[in-house]
Amino acid sequence: MKKMFLALLVISQFVIAQNKSKSDTTNVHELHDVFITANRTATLRKETPVAISKLTAKTIDESKATAAYEIINKTPGVLMVNLGNEQHMMAIRQPMTTNAYYLYLEDGLPIRPMGIFNHNALLEINQFNLQSIEVVKGPVSSLYGPEAVGGTINFISLKPSINPEFKFGIQADQWGYKRVQAAGGATIGKIGFHIAGISSLQENGWMTFSDYNKDNLNVRIDYNISPSTRLISNTMWGKYYSDMSGGVNENDFYNRDYKSTSDFTYRKSDALRTRLTLEHDWNLNASSYLTVYHRNNKLGQNPSYGIRWSPTNNPTTATGEINSNNFKSYGAIGQHTQKFDFLNTKLVAGALYDYSPVTYWSYRTDLKANLNPSGVTVNNYEIIAERPDLKIADYTADIYNSAAYAQLSFNPFEKVVLSLGGRYDNMKVDYENAIDLSSGSKTYDKATFKIGANYNPFDNAGFYGNYSQGFAPPGITSIFRTKSGTGGTTGVPAEFYYNLKPATFNNYEIGGWMSLLENKLNFDYAFYYMEGKNELLNVKLEDNSTDYRSAGATRHKGIELGFNYKPCKEINFRLGGTYAQHHYIDFKVSDKTTDALQNLNGKEMPAAPRWSGNSELYYYPEWFPNFRTSVEWQHVGSYYQDQINTVKYSGYDIFNFRAGYKWKCIEIYGNIINLTDKLYAYNVSRGNLNTSQPSYLAAAPRTFLLGLQYNFSLKN
């Protein structure tokens with residue numbers, strides 16, 4: 001992955017919150033890049049024993065992305081799957097999944113509390129407010145806690161500039177998408193501020209019933225109390241509403257008949273996050289911070305994935321659901337960093353407390369299924385009746401999360417850095433279940449550890465190895481929702497049947513990096529082997545419903561490669577990709593029609609392409625200053641659609657083109673996404689029965705995006 005633009009000044013100053021000028025264009029040695037996420041403090045790449053990548057401000061700016069996946073997919077080993085209208089799921093050292101194996105951070109703070117993971121959390125991110133993105137691949141539970149298993153993505157936001165800055169832009173495509181965005185900031189005396197907002201709207205798109213609108217506002221205010229003490233406030237407000245068009249059947253997909261089977265499904269979100277951080281530098285070797293924060297999220301849905309239909313059992317009828325998941329969080333996190341002269345030792349230690357009350361309810365809807373002439377697929381669904389009397393879930397819970405962590409790094413020998421880390425997490429859930437009138441308390445706790453070492457024998461190359469543990473308790477929604485897989489019984493928590501257990505992971509990894517040809521050629525790689533126990537997996541049934549189960553054991557292994565070559569100022573080429581295998585080791589599923597268990601041991605997990613990658617060729621012509629252009633290649637290999645490995649989807653290769661030109665304060669740009677108008681699907685899935693029909697999550701035809709942006713900066 002490309003890591004050739006200097007982010008040292010920006011990122012190090014983010015940590016100490018000093019007001020310095022930003023720089024992101026100087027070509028430097030990858031080993032001198034600074035990362036925050038891997039060690040919770042500013043740390044050189046050569047002292048970081050994990051696979052970590054950075055997407056710089058330059059990369060983010062030139063992408064001109066309409067959604068986060070367009071940026072994040074530039075990271076080797078990462079596949080962020082577009083589910084439409086900024087909805088998404090992820091694949092980092094895991095198959096494409098919506099499970100809680102990824103931790104999403106905003107300036108180092110989790111977007112969600114433990115136990116309330118949402119795979120769509122990144123639709124709340126404001127792409128116009130990003131300074132950089134750091135992606136850690138593999139478990140970092142010893143630092144950030146549960147859910148940091150497959151990977152951790154930290155969105156680092158823009159900070160106030162010394163001099164007044166302002167930018168305003170508009171963008172639109174031919175499918176009815178348009179966005180307005182503005183940002184600006186300055187520092188006046190001891191106070192600095194930065195404000196960024198976007199407003200997106202999609203109407204009458206290429207897929208029927210696929211409108212959405214999104215509004216985001218981010219405000220940061222810094223108060224430099226003294227040269228060594230700072231007070232920083234961050235507030236994010238977001239509002240989102242989207243139609244949920246869902247997947248299309250096989251015949252419609254290959255005929256490019258992009259029509260939704262429903263015109264009533266939706267997802268809506270209201271989010272507010274605010275935090276206040278006090279930072280203090282005790283001296284050159286010691287610093288501390290204390291952050292208090294509040295979250296307020298409301299998520300309501302009539303989800304397309306909640307529609308349950310069987311081609312054999314009453315095929316003209318179906319059911320759906322309407323649900324609402326609301327929570328608030330009140331929390332604090334404190335951290336101290338101490339450096340010692342002895343062996344260049346650095347100690348990072350901290351603690352967290354989070355109280356999150358949550359309410360969740362869901363009830364059934366009765367639907368009519370209008371069949372196609374073939375009689376084997378559905379043309380569209382209609383709502384016959386809402387059934388609030390038939391509850392799927394109805395509970396309240398108070399979640400108490402507490403944690404303590406510490407990490408120690410030192411140089412036992414010259415050119416060797418050793419890192420040790422550990423964390424203890426405790427999640428207590430006090431609940432009241434209105435369906436079965438039960439109440440009680442559940443506790444999930446776990447100590448996780450990691451050990452890693454860096455060896456840097458040369459100035460232009462380094463190696464690392466690590467052992468790390470991951471931990472993910474079941475989400476509380478999965479515990480208290482009744483399951484159709486229980487035979488339709490209502491009023492009994494799902495855990496009564498399946499006894500969901502926390503998933504645990506052991507990860508073994510080696511990797512390295514090098515820089516050659518006077519820093520023109522950079523290369524990094526990682527080999528990993530990860531074993532999972534009690535991994536939380538969905539079993540898709542004939543009626544499109546799922547059983548959520550703790551699998552016996554899984555195995556994940558792969559190779560991640562990143563290559564960047566810049567032979568001259570005009571040309572830059574990056575190549576990134578991964579080869580991975582994801583297998584069941586001990587897992588069985590049941591055919592609900594015959595009630596016969598099928599042994600999946602040794603089978604590949606579905607939605608797990610072995611090969612995937614993203615590469616790009618950039619051209620900055622000297623004969624045409626301030627002009628840029630690039631061609632991007634996204635590859636996703638074939639994968640099984642079902643868990644019993646009977647049918648594969650062939651995968652896809654697509655190309656994207658981007659170009660832009662700056663004239664004084666004006667920038668005009670254009671992106672062509674899916675340059676060759678390839679017919680492909682972001683995801684294809686089906687149940688384990690022979691009668692199961694595939695569902696294709698269709699991708700957009702060729703899309704032309706045009707934009708105009710005004711950038712103003714008043715420099716000394």
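No experiment lies behind these values; they were computed from the predicted model shown. This chain uses plain numbering: 1 for the first residue, then up along the sequence.
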State the CD-CZ distance between Glu165 and Phe712, to the nearest 0.5 angstrom.
-> 9.5 Å
For the atom pair CG (Asn323) and CH2 (Trp361), what is the distance rounded to the nearest 0.5 Å?
-> 7.0 Å
Identify which one of Tyr444, Tyr431, Tyr355 satisfies the ring-ring contact (aromatic ring centres under 6.0 Å, His included) criterion when paired with Tyr400.
-> Tyr355
Any donor-acceptor N or O pair under 3.5 Å, side chains Ser210, Asp243 =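 No - no donor-acceptor pair under 3.5 Å links their side chains.
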How about Glu535 and Tyr101: does a side-chain donor come under 3.5 Å of a side-chain acceptor?
-> no
NZ/NE/NH1/NH2 to OD/OE distance under 4.0 Å, [X] and [Y]:
{"X": "Lys64", "Y": "Glu667", "value": "yes"}
{"X": "Arg112", "Y": "Glu124", "value": "yes"}
{"X": "Asp107", "Y": "Lys159", "value": "no"}

Judged by atom type as modelled, is there a donor-acceptor pair below 3.5 Å linking the side chain of Gln127 to the main-chain atoms of Thr66?
->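 Flag set: sc Gln127 to bb Thr66 pair under 3.5 Å.
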After noting the C-alpha distance and the side-chain angles of Ser356 and Ser329, does the key distance pass the side chain to side chain donor-acceptor pair (under 3.5 Å) rule?
-> CA-CA 4 Å; Ser356 297; Ser329 295; 2.7 Å; yes
Residue pair Tyr682 / Met96: nearest heavy atoms and the distance that separates them | O-SD, 4.0 Å
Parallel under 30°, tilted from 30 to 60°, perpendicular over 60°: which one fits the rings of Tyr395 and Phe480?
-> tilted
Look at the rings of Tyr241 and Tyr266 and say which category their plane angle falls in: under 30° parallel, 30 to 60° tilted, over 60° perpendicular.
->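 The rings of Tyr241 and Tyr266 lie parallel, inter-plane angle below 30°.
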Would you verify whether the NZ or CZ of Arg423 falls within 45 degrees of the ring axis of Tyr144 while also being under 6.0 Å from that six-membered ring's centre?
->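 No; the conditions do not both hold, so Arg423 does not lie above the ring face of Tyr144.
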Answer yes or no for Lys54 and Phe35: cation-pi contact, defined as NZ/CZ to six-membered ring centre under 6.0 Å and angle to ring axis within 45°.
->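 Cation-pi check for Lys54 and Phe35: passes.
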Sequence neighbours excluded - ring-ring contact (aromatic ring centres under 6.0 Å, His included) pairs with any residue from residues 209-236 |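 Found Tyr212-Tyr240.
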